[in-house]
Amino acid sequence: MNSILKYIILLIIILTSLSTTAQEIKRPQNLVRYDFKRIHFGFTLGINQLNFNIKKDASILENDTLASILPISQNGFNLGIVSNLRIGRYTDLRFIPTLVFGERHLNYSFNNNGIYTQKIKKIESTMIDFPIHLKYKSARYNNFRAYVLLGVKYSLDIASKEAIDDEGQEMVKLKKNDIMGEIGFGIDFYLEYFKFSPQIKLTHGIINLLAKDDTIYTSSINKLTTNGWMLSFTFE
């Protein structure tokens, strides 16, 4: 959460300073006809940090050995292709299929007669995301404008181990399919030959991803959903 706040504060500072400068100094505009294109394309790359929301089973309170379950976020990266449809003066519809590499950990703490031990379960994911976003833009100031995003995405985890035999390794398995809501904001910079856009998005999963089995690692959890953020840099 601290990392998210740092990026949000940084973007707000940049936006505020650039807006003040733009109002004071009128500059020649780059890519004057760019926003009148009906359709345009680009690509995006960036970093992400994925985590879990956990709803624990009531039985964990009655278990003498399992003391706690703590999700630990990990960093990853993502890259995608941008398709943008202009549907209004300040509104675009965007489809950005994205390949996402991520990892999450679950830290289990066990109490054995007052002696605490920890067991970390690592969960790697390679996801193909299919997000649809509605992008609402501010008026253009010289060579930049701010925007907000709101959308939903379907995510397919091609690294899911839901159907494999763990051969007694007691793995925590996730289902392949997920649906998430997203919200974000960013800034479009109109450069001489292309548009550059840094943005940050927050993601919240809807579907319970946990593939249950009879081990303590999954039986102690009722619901496991995704949350996280992505910091992306788009070139269009």
Side-chain angles (χ1 to χ4, degrees), residues 1-12 44-58 60 66 68-80 94 96-109 118-135 147-162 171-186 198-212 217-234:
M1 183 60 68
N2 289 336
S3 298
I4 297 174
L5 290 176
K6 288 178 183 178
Y7 288 121
I8 291 175
I9 292 171
L10 178 60
L11 284 176
I12 291 174
T44 182
L45 52 87
I47 60 174
N48 64 70
Q49 192 172 90
L50 300 179
N51 208 339
F52 289 122
N53 290 320
I54 298 180
K55 183 178 180 181
K56 301 173 185 177
D57 193 288
I60 191 174
L66 182 58
S68 65
I69 310 171
L70 179 66
I72 304 174
S73 60
Q74 301 293 311
N75 295 326
F77 70 95
N78 44 274
L79 53 95
R94 292 165 72 82
I96 311 174
T98 306
L99 183 62
V100 179
F101 299 92
E103 184 176 341
R104 288 161 282 191
H105 295 174
L106 289 173
N107 187 359
Y108 295 81
S109 179
Q118 294 184 342
K119 180 71 173 181
I120 295 179
K121 293 294 183 180
K122 298 181 180 180
I123 305 171
E124 297 180 349
S125 298
T126 302
M127 296 171 287
I128 303 177
D129 289 350
F130 300 94
I132 297 178
H133 294 142
L134 194 64
K135 176 180 179 181
Y147 64 85
V148 294
L149 292 170
L150 183 65
V152 63
K153 72 178 178 183
Y154 164 71
S155 183
L156 174 64
D157 187 354
I158 59 177
S160 170
K161 296 179 174 59
E162 178 183 8
M171 300 167 59
V172 177
K173 302 176 185 179
L174 301 183
K175 298 174 183 177
K176 286 186 176 182
N177 304 299
D178 198 5
I179 296 176
M180 310 178 203
E182 292 192 308
I183 187 170
F185 69 96
Q199 70 176 26
I200 189 165
K201 292 184 300 184
L202 305 181
T203 299
H204 186 80
I206 299 171
I207 293 177
N208 183 8
L209 293 178
L210 185 64
K212 281 216 171 190
Y217 299 106
T218 60
S219 62
S220 55
I221 300 174
N222 267 340
K223 189 174 183 181
L224 201 64
T225 57
T226 294
N227 73 57
W229 56 266
M230 288 186 178
L231 177 66
S232 301
F233 303 92
T234 302

Worksheet item: Given side chains that start at C-beta, do those of Ile54 and Leu106 come closer than 4.5 Å, heavy atoms only?
Response: yes
Fill in: Minimum side-chain heavy-atom gap Gln199-Thr44 below 4.5 Å
no
Worksheet entry | Partners meeting side chain to side chain contact (heavy atoms under 4.5 Å, CB included) with Phe101 (sequence neighbours left out) | Phe77, Leu99, Thr126
Worksheet item: Would Ile69 and Phe52 count as a side-chain contact (heavy atoms from CB on, under 4.5 Å) if you check the C-alpha gap in whole Å, the side-chain angles of each, and the deciding distance to 0.1 Å?
Response: CA-CA 11 Å; Ile69 310 171; Phe52 289 122; over 6 Å; no
Fill in: Closest heavy-atom pair and its distance - Lys175, Ser160
C-OG, 3.8 Å
Worksheet entry | Heavy-atom pair with the smallest gap, counting every atom of Met230 and Asp129 | CE-OD2, 3.8 Å
Item to complete: For side-chain contact (heavy atoms from CB on, under 4.5 Å), just list the numbers for Glu103 and Leu50, CA-CA rounded to whole Å, side-chain angles, deciding distance to a tenth of an Å, and then say yes or no.
Response: CA-CA 7 Å; Glu103 184 176 341; Leu50 300 179; over 6 Å; no
Worksheet item: What do the steps show when you test Asn78 against Ser232 for side-chain contact (heavy atoms from CB on, under 4.5 Å), and what is the final call?
Response: CA-CA 8 Å; Asn78 44 274; Ser232 301; 3.6 Å; yes
Worksheet item: Taking the side chain as C-beta and beyond, is there a heavy-atom pair between Asn48 and Met127 under 4.5 Å?
Response: no
Practice prompt. Determine yes or no for a side-chain-to-main-chain donor-acceptor pair under 3.5 angstrom, with Tyr108 supplying the side chain and Lys121 the backbone.
Written response: no
Worksheet item: Which heavy atom in Ile207 sits nearest to a heavy atom in Thr225, and how many Å separate them?
Response: O-CG2, 3.4 Å
Discussion item. Do Leu66 and Lys56 have side chains that approach each other closer than 4.5 Å (heavy atoms only, starting at C-beta)?
Written reply: no
Worksheet item: Short question: side chain of Thr203, backbone of Glu182 - any donor-acceptor pair under 3.5 Å?
Response: no
Worksheet item: How many angstroms lie between atom CD1 of Ile200 and atom CG of Leu149, to the nearest 0.5 angstrom?
Response: 12.0 Å
Discussion item. With rounding to the nearest 0.5 angstrom, report the CD1 to NZ distance, Ile96 to Lys201.
Written reply: 5.5 Å
Worksheet item: With side chains defined as the heavy atoms from C-beta onward, is the minimum distance between His204 and Asn53 less than 4.5 Å?
Response: yes
Worksheet entry | Nearest heavy atoms of Pro198 and Tyr147, plus distance in Å | O-OH, 3.9 Å
Worksheet item: Do you know which two heavy atoms are closest between Leu210 and Asn208, and how far apart they sit?
Response: N-OD1, 3.2 Å
Worksheet item: To the nearest 0.5 Å, how far apart are CD in Glu124 and NE2 in His105?
Response: 7.5 Å
Practice prompt. Indicate yes or no: at least one non-hydrogen side-chain atom of Asp178 is less than 4.5 angstrom from one of Met180.
Written response: yes
Discussion item. So does Ile221 get a backbone contact from the side chain of Lys212, meaning a donor-acceptor N/O pair under 3.5 Å?
Written reply: yes
Discussion item. For the NZ atom of Lys55 and the CG atom of Leu224, what is their distance to the nearest 0.5 Å?
Written reply: 13.0 Å
Worksheet item: Can you tell if the side chain of Arg104 reaches within under 4.5 Å of the side chain of Gln74, non-hydrogen atoms only?
Response: no
Worksheet item: Can a donor-acceptor pair be found between the side chains of Ser125 and Asp157 at a distance below 3.5 Å?
Response: yes
Worksheet item: At their closest point, which heavy atom of Thr218 faces which heavy atom of Ala211, and how far apart are they?
Response: CG2-O, 4.1 Å
Discussion item. side-chain contact (heavy atoms from CB on, under 4.5 Å), that's the test. Do Leu209 and Thr226 meet it? Break it down for me.
Written reply: CA-CA 8 Å; Leu209 293 178; Thr226 294; 3.1 Å; yes
Discussion item. Would you say that Leu231 contacts Phe233 through its side chain, given a criterion of any heavy-atom pair below 4.5 Å between the two side chains?
Written reply: yes
Discussion item. To the nearest 0.5 Å, what is the distance between CD1 on Ile183 and CG on Leu150?
Written reply: 5.5 Å
Practice prompt. Could you list the residues that satisfy side chain to side chain donor-acceptor pair (under 3.5 Å) with Asn222, not counting sequence neighbours?
Written response: none
